[in-house]
Amino acid sequence: LAKTTQPISMDSYEGQEVNITCSHNNIATNDYITWYQQFPSQGPRFIIQGYKTKVTNEVASLFIPADRKSSTLSLPRVSLSDTAVYYCLVGARDDKIIFGKGTRLHILP
Amino acid sequence: DGGITQSPKYLFRKEGQNVTLSCEQNLNHDAMYWYRQDPGQGLRLIYYSQIVNDFQKGDIAEGYSVSREKKESFPLTVTSAQKNPTAFYLCASSIDRGSSGNTIYFGEGSWLTVV
């Protein structure tokens with residue numbers, strides 16, 4: 001199971017673009033990279049998933065370099081409501097899906 | 001609406017009591033999971049099940065038990081053997097076994113407090 005490393009916390013301001021990078025040096029060939037968002041006292045929810053290059057949806061973009069050893073979640077023009085914990089998941093082994101500690105993003109007015 | 005329903009949202013347990021947290025899904029997913037989250041911490045896997053009548057221990061299964069008698073239901077019992085059960089419990093499901101590309105769907109969680 002690919003180990004992931006994310007910053008513990010980040011601060012930004014409303015209207016800014018926020019980039020959160022996740023390192024996963026031992027990612028396997030068939031591993032996807034998935035990001036989840038969690039608000040306090042709620043279950044995490046899916047944001048975006050990718051395998052290589054760039055993926056974009058209505059809420060975020062995911063950038064994956066050619067070596068796939070890292071990925072960057074990009075949140076455009078954040079607002080106060082984007083304050084949450086963001087988890088990067090890579091792969092699954094023996095049917096387990098393991099979450100890391102995530103990145104606490106705090107958006108300031 | 002399709003989704004995962006956890007109940008109760010808040011539960012209080014006395015020392016020495018067993019309590020059961022309910023988790024029901026109508027997504028027709030084969031795989032279901034239970035996670036524990038302590039304040040300010042990440043999610044830790046308690047148990048998971050890939051198919052009816054089968055389940056596997058996760059990383060912190062001691063003091064917990066589960067059953068999977070129906071595809072849509074995966075209740076978690078917190079037994080008196082769990083010495084520090086106060087936490088936020090999350091149930092989740094995915095379409096099938098935990099392969100890399102599967103999306104996981106979570107319930108809204110249940111808060112358990114020991115009094």
Side-chain angles (χ1 to χ4, degrees), chain A residues 1-9 22 24 26-52 55 57 59-60 62 64 68 71 83-106, chain B residues 3-7 9-10 21 23 25 27 29-51 54-61 68 87-113:
Chain A
L1 185 63
K3 176 178 170 57
T4 60
T5 303
Q6 303 175 234
I8 294 174
S9 65
C22 179
H24 28 81
N26 59 339
I27 188 170
T29 302
N30 61 343
D31 282 345
Y32 282 78
I33 300 157
T34 312
W35 286 80
Y36 290 83
Q37 175 192 55
Q38 186 183 25
F39 297 113
S41 297
Q42 294 185 23
R45 69 182 186 109
F46 172 89
I47 301 176
I48 197 166
Q49 183 181 79
Y51 183 80
K52 62 180 180 180
V55 179
N57 61 23
V59 297
L62 179 60
I64 304 168
R68 302 201 329 121
S71 58
T83 294
V85 179
Y86 292 83
Y87 296 95
C88 163
L89 265 71
V90 177
R93 292 292 180 269
D94 299 327
D95 302 329
K96 292 183 181 180
I97 299 177
I98 304 296
F99 282 75
K101 295 185 177 180
T103 297
R104 295 186 171 277
L105 176 63
H106 187 203
Chain B
I4 300 175
T5 301
Q6 290 187 237
S7 63
K9 179 67 175 180
Y10 300 96
L21 306 179
C23 178
Q25 54 100 357
L27 300 169
H29 286 173
D30 284 324
M32 297 188 74
Y33 313 85
W34 274 105
Y35 293 88
R36 168 180 171 147
Q37 187 172 37
D38 293 285
Q41 302 299 311
L43 283 70
R44 292 186 289 170
L45 183 63
I46 305 173
Y47 268 98
Y48 62 105
S49 168
Q50 302 299 328
I51 196 170
D54 186 48
F55 48 83
Q56 307 296 327
K57 292 182 179 180
D59 298 324
I60 55 165
R68 187 82 187 277
F88 187 50
Y89 290 87
L90 285 159
C91 179
S93 71
S94 63
I95 192 165
D96 57 21
R97 60 194 307 140
S99 61
S100 180
N102 283 346
T103 299
I104 312 164
Y105 297 85
F106 283 85
E108 289 300 306
S110 295
W111 278 103
L112 173 62
T113 303

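Note on naming: letters A, B, ... go to the chains in the order of the sequence lines (proteins, then strands), and numbering restarts at 1 for each one.
- Between B:Leu90 and A:Gln38 the shortest side-chain heavy-atom distance falls below 4.5 Å.
- Neither the backbone nor the side chain of B:Tyr105 comes within contact range of chain A; no heavy atoms are under 4.5 Å apart.
- Aromatic ring centres of A:Tyr87 and B:Phe106: separated by at least 6.0 Å.
- Interface check for chain B: of the options A:Pro44, A:Gly102, A:Gly43, the most heavy-atom pairs under 4.5 Å are formed by A:Pro44.
- Applying the side-chain hydrogen bond (donor to acceptor under 3.5 Å, both in side chains) criterion to A:Ser41, with sequence neighbours excluded, gives B:Trp111.
- Only the side chain of A:Tyr36 comes within contact range of chain B, with heavy atoms under 4.5 Å apart.
- Looking only at side-chain heavy atoms (C-beta outward), B:Thr103 and A:Tyr32 stay at 4.5 Å or farther from each other.
- Checked against salt bridge (charged side-chain N to carboxylate O under 4.0 Å, His left out), B:Asp38 has the following partners two or more places apart in sequence or in another chain: B:Arg36, B:Arg44.
- Side-chain contact check for B:Ile104 versus A:Phe99: some heavy-atom pair is nearer than 4.5 Å.
- At a 4.5 Å heavy-atom cutoff, B:Gln6 makes no contact with chain A through either its backbone or its side chain.
- Interface remark: A:Arg104 contributes side-chain atoms only to the contact with chain B (heavy atom separation under 4.5 Å).
- Heavy-atom neighbours of B:Lys57 NZ from other residues, nucleotides or ligands within 6.0 Å: at or below the threshold of 12.
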